[in-house]
Enquirer: 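One structure is given below, represented as structure tokens, and several questions about it will come after.
Computed over heavy atoms, backbone and side chain alike; hydrogens, waters and symmetry mates excluded.
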Amino acid sequence: MERRDVVIIGGGPAGLSAGRRFSELGIAATVLEREQQAGGIPRHCGHLGFGWQSHRRIWTGPRFAQQLRADSEKLDLRTGHTVLGIDGDILRVQNAQGIHDMSAGRILLATGTRESPRAPRFVGGARPRGVMTTGALQANVYLQNFKPFERPVIIGSELVAFSAILTCRHFGIRPVAMIEAQDSISAPRTGDLVARLLYGVPVWTKTKLVAIEGRAQVEAVEIEREGRHERVACDGVIFTGQWVPEAALLVNRPKVTLAGNVHGALKTSGACWREGRAIAEKMAGELA
């Protein structure tokens with residue numbers, strides 16, 4: 001069985017920064033990333049706003065992810081490796097060659113978070129194409145160069161919802177509206193003004209998505225606003241926010257440490273990068 005001092009699960013900002021800090025401190029760490037390319041969510045966030053907290057630069061997400069990979073060139077970074085489970089200090093890992101076990105002195109879980117898709121939100125109606133999260137939209141646009149719709153509605157008003165607007169603009173997609181069930185948006189108050197005045201996307205608060213209509217592709221949504229039901233024509237639905245930690249591997253054992261958005265309040269990629277380094281330093285002190 002392969003044995004490693006430290007195994008980091010997740011090759012996003014937190015995992016890669018932790019791996020590099022371990023290396024700087026003279027500790028061999030192995031980073032396991034299930035995707036074929038490391039970098040995490042920033043890989044498919046094509047807008048600006050990344051890099052300042054970590055490198056004092058203002059980059060797009062892909063440029064930030066590229067720098068993270070460049071910073072990790074000397075690490076034992078293994079992409080295409082999925083951890084299926086953890087039993088004590090043993091990890092069951094699957095890659096293209098099959099399934100094998102790996103022993104770790106310490107385990108750092110940095111698997112991040114994801115947006116809630118349609119099912120947990122209990123939205124009724126049909127199940128046509130064109131329904132996705134912001135992450136799926138960004139992957140379609142930035143990684144696959146695919147335009148999934150022309151006139152979607154955006155559900156939710158966290159900061160990621162405004163990221164969805166920027167992704168849509170990149171491909172000439174014009175959202176019909178942003179829908180928020182609460183009395184005000186979740187993002188800072190000026191966000192609705194920016195959406196409406198700068199990007200031409202109206203923001204409807206106190207509005208609930210009831211059902212999705214369509215056969216092959218989304219054709220409309222049914223909403224409830226001020227006690228009245230309305231039908232809004234559109235060809236897509238983007239579910240944003242309502243973050244769920246990717247904690248399926250989490251076990252209550254002292255050798256598993258958490259970093260990044262797999263725990264606590266949602267953090268920016270730069271904050272995750274900083275936390276990864278800080279936790280690596282703490283773990284290194286415990287290993288000394």
Enquirer: Kindly say whether Val123 contributes a backbone atom to a donor-acceptor pair with the side chain of Arg118 at under 3.5 angstrom?
Expert: yes
Enquirer: Looking only at non-hydrogen atoms, find the nearest pair between Ala29 and Asp76 and report the distance.
Expert: O-CB, 3.8 Å
Enquirer: Apply side-chain contact (heavy atoms from CB on, under 4.5 Å) to the pair Met178 and Phe162, showing each step before the final yes or no.
Expert: CA-CA 9 Å; Met178 179 183 293; Phe162 297 89; 3.9 Å; yes
Enquirer: Flag the pair Ile8 / Phe22 as yes when at least one side-chain heavy-atom distance between them is below 4.5 Å, and no otherwise.
Expert: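 Touching, per the 4.5 Å side-chain cut-off.
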Enquirer: Can a donor-acceptor pair be found between the side chains of His47 and Ser163 at a distance below 3.5 Å?
Expert: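 Yes, Ser163 and His47 have a side-chain donor paired with an acceptor closer than 3.5 Å.
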Enquirer: To the nearest 0.5 Å, how far apart are CH2 in Trp59 and CG in Leu68?
Expert: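 One gets 8.0 Å once the value is rounded to the nearest 0.5 Å.
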Enquirer: Ignoring hydrogens, what is the shortest heavy-atom contact between Ala126 and Gly214? Give both atom names and the distance.
Expert: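 Reported closest heavy-atom pair: CB-O, 3.2 Å.
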Enquirer: Determine, step by step, whether Thr268 and Gln53 satisfy the side chain to side chain donor-acceptor pair (under 3.5 Å) criterion, reporting the C-alpha distance in whole Å, the side-chain angles of both residues, the deciding distance to 0.1 Å, and the verdict.
Expert: CA-CA 9 Å; Thr268 64; Gln53 291 174 288; 2.7 Å; yes
Enquirer: Would you say that more than 12 heavy atoms from the other residues, nucleotides or ligands in this model lie under 6.0 Å from the CZ of Arg78, or not?
Expert: yes
Enquirer: Are Tyr199 and Leu166 side-chain neighbours, meaning at least one heavy-atom pair lies under 4.5 Å?
Expert: yes
Enquirer: Kindly compute the distance separating CD1 (Ile173) from SG (Cys168), expressed to the nearest 0.5 Å.
Expert: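 If I round to the nearest 0.5 Å, the distance is 4.5 Å.
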Enquirer: Between Arg196 and Val203, is there a donor-acceptor pair closer than 3.5 Å when you use the side chain of the first and the backbone of the second?
Expert: no
Enquirer: Taking all atoms of both residues into account, what is the closest heavy-atom pair of Ser269 and Pro42, and its distance?
Expert: CB-CG, 4.1 Å
Enquirer: Indicate yes or no: does Arg106 engage Asp89 in a salt bridge with an N to O separation below 4.0 Å.
Expert: no
Enquirer: Between His170 and Tyr142, what is the ring plane arrangement, given parallel below 30°, perpendicular above 60°, and tilted in between?
Expert: tilted
Enquirer: Applying side-chain contact (heavy atoms from CB on, under 4.5 Å) to Val210 and Ile223, what does each step give before you reach the verdict?
Expert: CA-CA 5 Å; Val210 177; Ile223 63 173; 5.6 Å; no
Enquirer: In the single-linkage hydrophobic clustering (I, L, V, M, F, W, Y; side-chain heavy atoms under 4.5 Å), do Leu109 and Val6 co-cluster?
Expert: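 Shared cluster, no.
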Enquirer: Between Asp192 (side chain) and Ala195 (backbone), is there a donor-acceptor pair under 3.5 Å?
Expert: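 A pair under 3.5 Å: no.
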Enquirer: Say you draw a straight line from OG1 of Thr111 to NE2 of His263; how long is it, rounded to the nearest 0.5 Å?
Expert: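 Spacing of OG1 (Thr111) from NE2 (His263) equals 10.5 Å.
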Enquirer: Could you go through Val232 and Val176, starting from their C-alpha distance and side-chain angles, then the distance that decides it, and tell me whether this counts as side-chain contact (heavy atoms from CB on, under 4.5 Å)?
Expert: CA-CA 9 Å; Val232 178; Val176 174; 3.8 Å; yes
Enquirer: Just to verify, what does Arg114 make a salt bridge (Lys or Arg N to Asp or Glu O under 4.0 Å) with, not counting sequence neighbours?
Expert: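 Once residues adjacent in sequence are excluded, the partners of Arg114 under the salt bridge (Lys or Arg N to Asp or Glu O under 4.0 Å) criterion are Glu246.
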Enquirer: Which pairs would a plain distance check flag for residues 31-41, meaning a side-chain donor or acceptor within less than 3.5 Å of a matching protein atom at least two apart in sequence or in another chain?
Expert:
| unit_1 | atom_1 | unit_2 | atom_2 | d |
| --- | --- | --- | --- | --- |
| Glu33 | OE1 | Gly11 | N | 2.7 |
| Glu33 | OE2 | Glu35 | N | 2.9 |

Enquirer: Would you check if the side chain of Lys267 reaches a backbone N or O of Gly260 as a donor-acceptor pair within less than 3.5 Å?
Expert: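 Pair found, side chain donor or acceptor close to backbone of Gly260.
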Enquirer: For Arg121, does the CZ atom have more than 12 heavy-atom neighbours from other residues, nucleotides or ligands under 6.0 Å away?
Expert: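 Yes.
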Enquirer: If Ile, Leu, Val, Met, Phe, Trp and Tyr residues are connected whenever their side-chain heavy atoms lie under 4.5 Å apart, and connections chain through other members, are Leu209 and Val218 in the same group?
Expert: yes
Enquirer: Can you find a side-chain donor-acceptor pair between Arg4 and Thr30 that sits under 3.5 Å?
Expert: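 Indeed, the side chains of Arg4 and Thr30 share at least one donor-acceptor pair under 3.5 Å.
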Enquirer: Using the rule that two of Ile, Leu, Val, Met, Phe, Trp, Tyr join whenever any of their side-chain heavy atoms come within less than 4.5 Å, decide whether Val141 and Val201 are in one cluster.
Expert: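 As far as the 4.5 Å side-chain criterion goes, Val201 and Val141 are connected within one cluster.
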Enquirer: Side chain of Thr190, backbone of Leu193: donor and acceptor closer than 3.5 Å?
Expert: no
Enquirer: Just by distance, with hydrogens left out, do Thr113 and Asn261 show a side-chain donor and acceptor under 3.5 Å apart?
Expert: no
Enquirer: Can you check whether Leu108 reaches Ile9 side chain to side chain, under 4.5 Å on heavy atoms?
Expert: no
Enquirer: I'd like to know whether Met1 forms a side-chain contact (heavy atoms from CB on, under 4.5 Å) with Ile90, so could you lay out the CA-CA distance, the side-chain angles of the two residues, the decisive distance to 0.1 Å, and finally the verdict.
Expert: CA-CA 9 Å; Met1 182 185 300; Ile90 306 299; 3.5 Å; yes
Enquirer: Working to the nearest 0.5 Å, report the span between CD1 of Ile154 and CD1 of Ile179.
Expert: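 Between Ile154 CD1 and Ile179 CD1, I get 9.5 Å after rounding to 0.5 Å.
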Enquirer: Would you name the heavy atoms of Ala284 and Leu25 that are closest together and state the gap between them?
Expert: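 The answer is CB-CD1, 3.6 Å.
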Enquirer: Hydrophobic clustering (ILVMFWY, side-chain heavy atoms < 4.5 Å, transitive) - are Leu137 and Val131 grouped together?
Expert: no
Enquirer: side-chain contact (heavy atoms from CB on, under 4.5 Å) with Leu198: which residues, sequence neighbours excluded?
Expert: Val194
Enquirer: Using side-chain heavy atoms (C-beta onward) and a distance below 4.5 Å, is Ile86 in contact with Ile107?
Expert: yes
Enquirer: Please tell me if the side chains of Trp243 and Ser116 come closer than 4.5 Å, counting only heavy atoms from C-beta onward.
Expert: no
Enquirer: How far apart are the closest heavy atoms of Phe64 and Gly51, and which atoms are they?
Expert: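 In terms of heavy atoms, the two residues are closest at CD1-CA, 3.9 Å.
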Enquirer: Tell me, please, which residues at least two apart from Thr134 pass side-chain contact (heavy atoms from CB on, under 4.5 Å).
Expert: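 Partners of Thr134 by the side-chain contact (heavy atoms from CB on, under 4.5 Å) criterion, ordered by chain and then number, come out as Glu115, Gln138, Val160, Ala164, Ile238, Thr240.
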Enquirer: Return the OG to CG distance between Ser186 and Leu159, rounded to the nearest 0.5 Å.
Expert: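 Interatomic distance, Ser186 OG to Leu159 CG, rounded to 0.5 Å: 9.0 Å.
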Enquirer: Quick check: do Glu230 and Arg225 have side-chain heavy atoms less than 4.5 Å from each other?
Expert: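 Side chain of Glu230 against side chain of Arg225, heavy atoms only: contact under 4.5 Å found.
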Enquirer: Between Asp235 (side chain only) and Phe149 (backbone N and O only), is there a donor and an acceptor less than 3.5 Å apart?
Expert: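 Looks like no, no N/O pair under 3.5 Å.
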Enquirer: Same cluster or not: are Ile279 and Leu16 linked, directly or through other Ile, Leu, Val, Met, Phe, Trp or Tyr residues, by side-chain heavy atoms under 4.5 angstrom apart?
Expert: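 Looking at the clustering, Leu16 is in the same group as Ile279.
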Enquirer: Ring-plane angle category for His55 and Trp273, please: parallel below 30°, perpendicular beyond 60°, tilted otherwise.
Expert: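 Tilted, since the angle between the ring planes falls between 30° and 60°.
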Enquirer: Do Ser17 and Ser54 have side chains that get closer than 4.5 Å, going by heavy atoms?
Expert: no
Enquirer: Tell me which pairs pass salt bridge (Lys or Arg N to Asp or Glu O under 4.0 Å) where either residue lies in residues 50-72, with sequence neighbours left out.
Expert: Arg20-Asp71
Enquirer: Can you confirm whether Ile58 is buried at CD1, in the sense that more than 12 heavy atoms of other residues, nucleotides or ligands lie under 6.0 Å from that atom?
Expert: no
Enquirer: Any chance you could measure Glu2, atom CD, to Met102, atom CE, to the nearest 0.5 Å?
Expert: 4.0 Å
Enquirer: Report yes or no: do Glu222 and His229 form a side-chain donor-acceptor pair below 3.5 Å?
Expert: yes
Enquirer: Is there any salt bridge (Lys or Arg N to Asp or Glu O under 4.0 Å) pair reaching into residues 142-168, and which pairs are they, with sequence neighbours excluded?
Expert: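 Listed by first then second residue: Lys147-Glu150.
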Enquirer: Under 4.0 Å between a side-chain nitrogen and a carboxylate oxygen: does that hold for Lys206 and Glu180?
Expert: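 Answer for the salt bridge query: no.
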Enquirer: Shortest non-hydrogen contact from Pro62 to Gly46?
Expert: CD-CA, 3.8 Å
Enquirer: With no hydrogens and no angle check, is any side-chain donor or acceptor of Thr133 less than 3.5 Å from a backbone partner on Ala136?
Expert: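 Yes, the answer is positive, given that a donor and an acceptor are paired below the 3.5 Å cut-off.
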Enquirer: Taking C-beta and beyond as the side chain, do Val237 and Val221 meet within less than 4.5 Å on heavy atoms?
Expert: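 Yes, side chains in contact.
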Enquirer: Strictly below 4.0 Å, N to O, side chains only: are Arg21 and Glu281 in salt-bridge contact?
Expert: yes
